[in-house]
Amino acid sequence: MKILVAVATRHGATREIAENVATAVGSALTDAGAWAQVEVRDAGLVHSVEGFDAVILGSAVYMGHWLEPARKLAESFSDELRRVPVWLFSSGPIGEQDKPAEEPVAVEDLVQRLGARGHRLFGGKLDRHALHFPERAVVAALRVADGDNRDWPSIRAWGREIGSSLAPGVRSTS
């Protein structure tokens, strides 16, 4: 089974999530006795989804929106993506809250358009030293503290759920 994990990231934190998801998906499939090749690629460098048995697409969220490379990949390959199992994830909530009062990104339309099996929202990471000046200005105005809000056990568990659901003869809800 060949699986694509495509990711749009600005500073690398969302790619780290994608890499952990990919490792967990591959481990779950291997544990179930299935052959698995899981590739992590930058969304902007994906020129085809042909040949993949499943796709996981994720993006960092800025100002309530996915990054352009992830949006373009979803738009450009929507017909092809509807033919394979697809999962989506977003990364970006930062700050003290465990779960924001409302979703910081509207992806319901994308879930419907791609026939995605689900969407997960993961906390993000903020390191103002890695930000460009305009981003630092926004962070300062919002008074958001630096921190890493990614829940690694949940991220890996979600990847294992996906891998288990793809394994032959194994049913899972993810």
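Count residues from 1 along the sequence. Scope of the values below: all heavy atoms of this structure, side chains included, with no hydrogens, waters or symmetry mates.
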* Criterion side chain to side chain contact (heavy atoms under 4.5 Å, CB included) on Ile155 and Trp158, from CA distance to verdict -> CA-CA 5 Å; Ile155 291 165; Trp158 185 63; 6.0 Å; no
* Show your reasoning for whether side chain to side chain contact (heavy atoms under 4.5 Å, CB included) applies to Val21 and Trp87. => CA-CA 11 Å; Val21 168; Trp87 288 266; over 6 Å; no
* Could you walk me through whether Phe77 and Arg83 pass the side chain to side chain contact (heavy atoms under 4.5 Å, CB included) check? -> CA-CA 10 Å; Phe77 300 111; Arg83 294 186 197 116; over 6 Å; no
* Steps toward side chain to side chain contact (heavy atoms under 4.5 Å, CB included) verdict (Val25, Val5) -> CA-CA 10 Å; Val25 168; Val5 181; 5.8 Å; no
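Heavy-atom minimum distance, Pro69 versus Ala8: CB-CB, 4.2 Å. Counting all heavy atoms, side chain and backbone alike, Trp66 lies closest to Leu88 at CH2-CD2, 3.9 Å. The shortest heavy-atom contact between Leu73 and Ala6 is CD1-CB, 3.9 Å. Across Arg82 and Gln112, no two heavy atoms sit closer than the pair NH1-O, 3.1 Å. Shortest non-hydrogen contact noted between Leu166 and Pro85 is CD2-CG, 4.0 Å. In plain terms, the two heavy atoms of Ser90 and His119 that are nearest each other are OG-NE2, 2.7 Å.
A distance of 4.5 Å separates CH2 in Trp152 from CG in Asn20, rounded to the nearest 0.5 Å. Atom CZ in Arg156 sits 11.0 Å away from atom CD1 in Ile17 (nearest 0.5 Å).
Pairs passing the side-chain hydrogen bond (donor to acceptor under 3.5 Å, both in side chains) check and including a residue from residues 70-80, sequence neighbours excluded, read Glu68-Lys72.
Under the salt bridge (Lys or Arg N to Asp or Glu O under 4.0 Å) criterion, Asp151 pairs with no residue at all, not counting sequence neighbours.
At least one donor-acceptor pair closer than 3.5 Å links the side chain of Arg150 to the backbone N or O of Ala13. Proximity of a side-chain donor or acceptor of Thr14 to a complementary backbone N or O of Ser59 within less than 3.5 Å is not detected. Panel note: side chain Ser165, backbone Ile162; a donor-acceptor pair is recorded below 3.5 Å.
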Atom pairs and distances, side-chain donor-acceptor, residues 36-54, under 3.5 Å, sequence neighbours left out:
from, atom 1, to, atom 2, distance (Å)
Gln37, NE2, Glu39, OE2, 2.8
Glu39, OE1, Arg41, NE, 3.0
Glu39, OE1, Arg41, NH2, 2.6
Asp42, OD1, Arg15, NH1, 2.9
His47, NE2, Leu45, O, 3.4
Ser48, OG, Glu50, N, 3.0
Asp53, OD2, Lys2, N, 2.7

